[in-house]
K.L.:
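Let me begin by handing over the structure; questions about it come next.
Every heavy atom of this structure was used, including side-chain atoms; hydrogens, water molecules and symmetry mates were not. The chains referred to below are lettered A, B, ... by the order of the sequence lines, with proteins before strands, and numbering in each begins at 1.
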Amino acid sequence: MSSLTIGLAVLAVALAGTTVYWWRRAGQVATAMTTSRERDERIAAQSTASGDQPTLAAAASAADCPPDELPARIERFQERLAEQASEIDRLRATIPDVALQVSDRPAVDPDEPHVLTVVLSNGTTDDAQRFADDTVDRPGEIAFVVAGRDGSVAVTVGEQLRDTHDAAEIVAEITDRAGGGGGGSTRFATAGGVDPADLESVVEAVAEERRDLL
Amino acid sequence: MDAGLRVEPLSRTDDWRRVIDDHPNTTAFHTLAWRQAVAECFDYEPAYRLVYRDGEPVAALPGFRVGGLTSQVRVTPFCAYGHPLLSEAADPEQVLKTLEADRGGREILLIKDADWTGITGYSRCGYGGQAAGITRRLPTTGDYDQAREHVFDRQLRSGLDTAREAGFAVEADADPDGCLDEIYELHLATVRRHGSPQFPRGFFDALCDAFGERARLFLVRDGAELVASLLAFDAGGTRFLWNNASDGTYWDQHPNDLVYATAVRDAFERADCKVVDFGRTEPGSGVDRFKQKFGADPVQLTTMAVPPRHASMADISGYKQLQAITRRLAPVITHPAVGPRLKEWIHE
């Protein structure tokens, strides 16, 4: 083989090798720049999609949930707020009721035997029972606490009167006349399921009878 | 490039701290503790850079010069992150262009970044990118018990129950004194299993010394025997789970589930810890499937390179392809005279 042929062959190999090298290098650069550009676009899209990142993160942290659960969590918060607002309105409506009843009564010595009736016209069974949790501690008192909304009543008998009056028996008298059902102990009993329209009058009548027995 | 910006090698550590302290993107690998430990144990030249405007530091970029075959590479070794920390006043693109211009003629600059940092503009500044795996990050600002019930997957909860029934003893935030030898033995056993080179023994000491209280050790024992360990670093509100090791003979009792869950629980209980970062993995790998059980969101990691043609240096998928061979060569790769030197050369 002549030296010219060898020279040409070497040149051809070198040219091919150089071409391959530069072709690969261009490919590497193109791939790398594509990756870099895609990353920039991805982050820009994330920022746009989620708005103000720090604010979103802070809101999610305050709500104790991941950012993607924030809408559902906020909706639940709003529902609960609405429920509580409604409950507050209802309780507010009960307060003047009770205040008026108390102010209309003559002052009574709490240790002297007496009968107390309270009508919570907008009250629930829970409201009546909470009220009765206080009245049960008054030694000389028989208390009737009517929950007008639910048609229930809580009856308490003070410690001094437990030998002569039984809360469970009093509740039985109420349900015998007004329907529904109930039960309890000597000191604390409840009745429910009564037509609210009937309950108040029946309770007043039973209360009056107990007053006469004191 | 902004003529008002000037790059200087780190000489005033107070300036470095001014940038990184309280920065939302700070990681353990931006701290001077990390710099100290790596410089002490490896033959790398620290190449930390501060960018100044009008005498004020506006950006900080960590890095070491690691020797390549034909040129110098500036990168943050052995970690997932090396992104610049920018002050609010700094324009990211101007800073990136300034850092690029600061390179020596044949120096390759590799910046390990992640989608969560939000830094953009690399492509407009001539940086190429290479996908470098993913990490998974779990917010820890809520309640651990809620996370355990609603975020951890069922397989993990079952694994934790199994580990509890096995009667393992758990040490959260253990004192490194006296247990680093055991941890290193476990580290050796783990890397032999994977066929990858080990860190030098002194690196664990250097890290615990440099990080002090911010280095967190979590251990699981079967009696006196250490069966799983996890070394984590706390910085910038993030707990980075850096090194895990375990005894494979105990795997059916899930000690790794337990040691990770302990580190996560501890993070939930600390007010200054907002996120647990599970570290870099290859998506779809066995390790990633393990970390996925904790319900942490995946985040793409990308290494940015200039000149862009060198971005492929950051491609870690090649290691997976070599695993079949490296596992067979594990006794050689992890030989005390070979492993640490190989680790230094690979710097990953």
Side-chain angles (χ1 to χ4, degrees), chain A residues 13-81 83, chain B residues 24-25 83 88 92-93 96 100 108 110-132 137-147 150-151 237 268 271 274-275 295-297 299-315:
Chain A
V13 167
L15 194 60
T18 306
T19 302
V20 167
Y21 168 78
W22 284 107
W23 177 76
R24 283 192 65 209
R25 180 161 153 163
Q28 287 170 342
V29 171
T31 301
M33 293 312 297
T34 300
T35 302
S36 179
R37 197 168 43 249
E38 285 173 352
R39 180 186 180 276
D40 284 343
E41 289 167 0
R42 190 169 61 235
I43 290 172
Q46 285 170 6
S47 295
T48 305
S50 58
D52 187 350
Q53 289 274 12
T55 303
L56 176 65
S61 174
D64 195 24
C65 67
D68 59 349
E69 288 180 23
L70 208 45
R73 185 65 65 95
I74 290 172
E75 202 177 320
R76 282 201 292 279
F77 281 156
Q78 285 172 330
E79 284 168 11
R80 261 198 272 165
L81 273 171
E83 284 167 18
Chain B
N25 288 358
H83 51 271
E88 283 185 21
E93 288 189 27
L96 290 173
E100 192 276 329
I108 300 164
L110 299 179
I111 296 179
K112 296 178 179 177
D113 210 319
D115 282 8
W116 64 262
T117 69
I119 300 173
T120 60
Y122 283 105
S123 61
R124 291 184 287 278
C125 300
Y127 289 71
Q130 170 66 51
R137 291 166 66 86
L138 178 69
T140 55
T141 50
D143 178 69
Y144 172 79
D145 290 330
Q146 289 286 321
H150 302 296
V151 177
F268 270 93
K274 305 282 187 288
V275 174
D297 295 326
V299 181
Q300 181 65 48
L301 301 176
T302 311
T303 296
M304 314 309 299
V306 59
R309 68 180 183 277
H310 294 293
S312 60
M313 290 177 70
D315 186 0

K.L.:
Only pairs under 3.5 Å count here: list side-chain donor-acceptor contacts from residues 18-27 of chain A, not counting sequence neighbours, and write none if there are none.
P.N.:
from: A/Thr18; atom 1: OG1; to: A/Ala14; atom 2: O; distance (Å): 2.7
from: A/Thr19; atom 1: OG1; to: A/Leu15; atom 2: O; distance (Å): 2.7
from: A/Tyr21; atom 1: OH; to: A/Arg25; atom 2: NH1; distance (Å): 3.0

K.L.:
If you count heavy-atom pairs under 4.5 Å between each of B/Gly128, B/Ser123, B/Ser312, B/Ala131 and chain A, which one has the most?
P.N.:
B/Ser123

K.L.:
Is the backbone of A/Thr31 close enough, under 3.5 Å, to the side chain of A/Thr35 for a donor and an acceptor to pair up by distance?
P.N.:
yes

K.L.:
Rounded to the nearest 0.5 Å, how far apart are CG of A/Asp40 and OH of B/Tyr127?
P.N.:
12.0 Å

K.L.:
Between B/Asp297, B/Asp113, B/Asp143, which has the largest tally of heavy atom pairs under 4.5 Å with chain A?
P.N.:
B/Asp113

K.L.:
Give, for atom CD of B/Glu100 and atom CD1 of B/Ile111, the distance between the pair rounded to the nearest 0.5 Å.
P.N.:
10.0 Å

K.L.:
Between B/Ala114 and chain A, with a heavy-atom cut-off of 4.5 Å, which part of the residue counts as in contact: side chain, backbone, both or neither?
P.N.:
backbone

K.L.:
Closer than 3.5 angstrom, by distance alone: can the side chain of B/Thr303 be matched with the main-chain N or O of B/Leu110 as a donor-acceptor pair?
P.N.:
no

K.L.:
Given that the side chain runs from C-beta out, which part of B/Gln300 has a heavy atom under 4.5 Å from chain A: side chain, backbone, both or neither?
P.N.:
side chain

K.L.:
Counting heavy-atom pairs under 4.5 Å to chain B, which of A/Arg39, A/Met33, A/Gln28 comes out on top?
P.N.:
A/Arg39

